[in-house]
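The next block holds one structure in the form of structure tokens; read it before the comments.
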Number of protein chains: 2
Amino acid sequence: MIRMNKLTDYGVVLLTTFAHEPALGISARELSVRTGIPQPTVVKLLKTLLKAGLLVSQRGTKGGYALSRAPEEIPVAVIIEALEGPLAITECSLPGTCAHERGCPARPNWKAVNDVIQDALSRLTLADMTRPASPGATRTGSPLPAVDSAPRSIAS
Amino acid sequence: MIRMNKLTDYGVVLLTTFAHEPALGISARELSVRTGIPQPTVVKLLKTLLKAGLLVSQRGTKGGYALSRAPEEIPVAVIIEALEGPLAITECSLPGTCAHERGCPARPNWKAVNDVIQDALSRLTLADMTRPASPGATRTGSPLPAVDSAPRSIAS
DNA sequence: GAAATACAGTACTGGAGAGGTCCTAATTGA
DNA sequence: TCAATTAGGACCTCTCCAGTACTGTATTTC
């Protein structure tokens with residue numbers, strides 16, 4: 001499957017928790033309680049997200065974490081890249097990593113697929129992820145094409 | 001990263017080799033020679049693709065494998081699903097696999113992202129993957145958005 | 001019919017990396 | 001000063017991918 005790490009999934013869950021709670025200063029322990037994710041894992045994820053600039057932190061007794069920007073300003077693509085590195089469906093996107101480059105005619109089209117995914121994830125924001133159920137309402141209109149009809153106008 | 005297995009990448013390379021050579025009966029050994037992929041791995045992949053119905057096989061001295069359908073009839077989504085299982089960007093697409101379902105508001109939107117990817121991969125066919133460089137020409141018009149600035153001569 | 005060739009199926013192994021833990025500073029409020 | 005919390009590592013463990021090996025079955029050729 002094209003799957004992402006469980007940690008990335010957890011990371012999104014954490015960020016959506018922040019998005020629901022705009023107040024500054026949620027501690028790692030409280031996040032663990034709310035999400036059910038083990039605290040050491042929460043701590044690890046928060047450090048990663050902090051380093052990526054998605055969170056701000058406050059040390060000390062009343063310390064904690066909070067979003068560095070509004071949820072509307074954080075694309076899902078940025079979140080995933082922060083947690084997993086560059087978005088790529090296959091490794092041969094980077095030159096030299098594929099031993100079969102010589103006879104591989106599939107490469108440019110893999111890149112095309114990558115771009116579609118990148119585009120979809122760039123237009124979906126954390127705010128969209130926190131909305132309960134309707135995938136239609138987003139800030140820029142309709143960032144995700146209606147799936148039932150052919151969304152062949154994914155302008156980039 | 002959102003990445004797929006190396007074996008899936010290999011599988012696509014094998015299938016594109018078939019697509020270039022419509023003649024029936026390419027042996028595993030010959031495929032190994034042509035693609036540079038180790039023969040045992042080739043054999044393993046061919047068995048998987050055969051079981052998925054993407055290939056037909058012929059035993060015996062002059063035996064070998066061939067595509068069961070025309071390359072235009074094989075969506076990339078089917079290939080990937082054959083090699084890796086159901087297309088899903090995260091595991092919680094299947095109910096019961098996520099321990100945090102209760103407090104996870106991100107789920108419906110993950111599904112939306114999944115659908116976009118699924119859709120993109122469903123409209124790209126094996127025939128499209130075999131085309132040398134221009135991602136514009138496809139059988140149903142323009143299934144993938146023009147990656148106009150993309151094919152900057154990755155040929156090696 | 002026998003031998004050679006190639007597919008069919010299963011089981012096994014090594015290694016990389018994800019997932020998770022632990023420990024020791026540094027910082028802040030009471 | 002003490003407790004609570006983040007900062008930043010090093011480290012461990014276990015899963016699963018990737019590759020290998022072996023035995024059996026089918027088909028062609030001589």
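Chain letters run A, B, ... following the sequence lines, proteins first and then strands; every chain starts at 1. Heavy-atom basis, side chains included; hydrogens, waters and symmetry copies ignored.
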Whole-Å distance between [N] [atom2] and [X] [atom1]?
X	N	atom1	atom2	value
A:Lys51	D:dT6	NZ	P	16 Å
A:Lys6	D:dC14	NZ	C1'	12 Å
A:Gln39	C:dG20	CD	P	14 Å
B:Tyr10	D:dT20	OH	P	10 Å
A:Asp9	C:dG20	CG	P	12 Å
B:Leu83	D:dC17	CG	C1'	13 Å

Can B:Tyr10 be reached from B:Val43 by stepping across I, L, V, M, F, W or Y side chains whose heavy atoms are under 4.5 Å apart?
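No, separate clusters.
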Look at the side-chain heavy atoms of Ile, Leu, Val, Met, Phe, Trp and Tyr, link any pair under 4.5 Å apart, and say whether A:Val12 and A:Leu50 land in one connected group.
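The answer is yes; both residues are in one hydrophobic cluster.
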Residue B:Ser57, side-chain heavy atoms: nucleotide from C:dC7, D:dT6, D:dG19 that is nearest:
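That would be C:dC7.
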Residue B:Leu7, side-chain heavy atoms: nucleotide from D:dA18, D:dT6, C:dG19 that is nearest:
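Closest nucleotide to the B:Leu7 side chain: D:dA18.
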Is B:Ser27 near enough to C:dT5 that one of its side-chain N or O atoms lies under 4.0 angstrom from OP1 or OP2?
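The answer is no; no side-chain N or O of B:Ser27 sits under 4.0 Å from OP1 or OP2.
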Residue-phosphate contact under 4.0 Å: B:Tyr65 side-chain N/O, C:dA8 OP1/OP2:
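Checking C:dA8 against B:Tyr65, a side-chain N or O does come within under 4.0 Å of OP1 or OP2.
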Enumerate all atom pairs, one protein N or O and one N or O from nucleotides 27-30 of chain C, separated by less than 3.5 Å.
from: C:dT27; atom 1: O4'; to: A:Arg59; atom 2: NH1; distance (Å): 3.0
from: C:dT28; atom 1: O2; to: A:Thr61; atom 2: N; distance (Å): 3.3
from: C:dT28; atom 1: O2; to: A:Thr61; atom 2: OG1; distance (Å): 3.1

Considering residues at least two apart in sequence or located in another chain, which fulfil the side-chain contact (heavy atoms from CB on, under 4.5 Å) criterion with A:Pro71?
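A:Pro71 satisfies side-chain contact (heavy atoms from CB on, under 4.5 Å) with A:Ala19, A:Leu67, A:Leu126, A:Ala127 once adjacent residues are dropped.
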Residues forming a side-chain contact (heavy atoms from CB on, under 4.5 Å) with B:Arg29, sequence neighbours excluded
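With neighbours one apart ignored, the set is B:Ser27, B:Gln39.
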Closest non-hydrogen atom pair, A:Val42 against A:Ala28
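Residues A:Val42 and A:Ala28, closest heavy atoms: CG1-O, 3.7 Å.
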Going by atom types only, do A:Asp119 and A:Ser122 share a side-chain donor-acceptor pair under 3.5 Å?
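No pair is found: no donor N or O on one side chain lies under 3.5 Å from an acceptor on the other.
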Donor-acceptor side-chain pairing of A:Glu72 and A:Thr125 below 3.5 angstrom
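Short answer, no.
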List in numerical order all residues of residues 43-50 of chain A for which some heavy atom is under 4.0 Å away from an atom belonging to DNA chain D.
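Within this stretch, A:Lys47, A:Leu50 sit under 4.0 Å of the strand.
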Residues two or more places apart in sequence or in another chain: which of them pass side chain to side chain donor-acceptor pair (under 3.5 Å) with A:Glu30?
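With neighbours one apart ignored, the set is A:Arg34.
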Non-hydrogen side-chain atoms of A:Val56 and A:Tyr65 separated by less than 4.5 Å
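Heavy-atom side-chain distance check fails, nothing below 4.5 Å.
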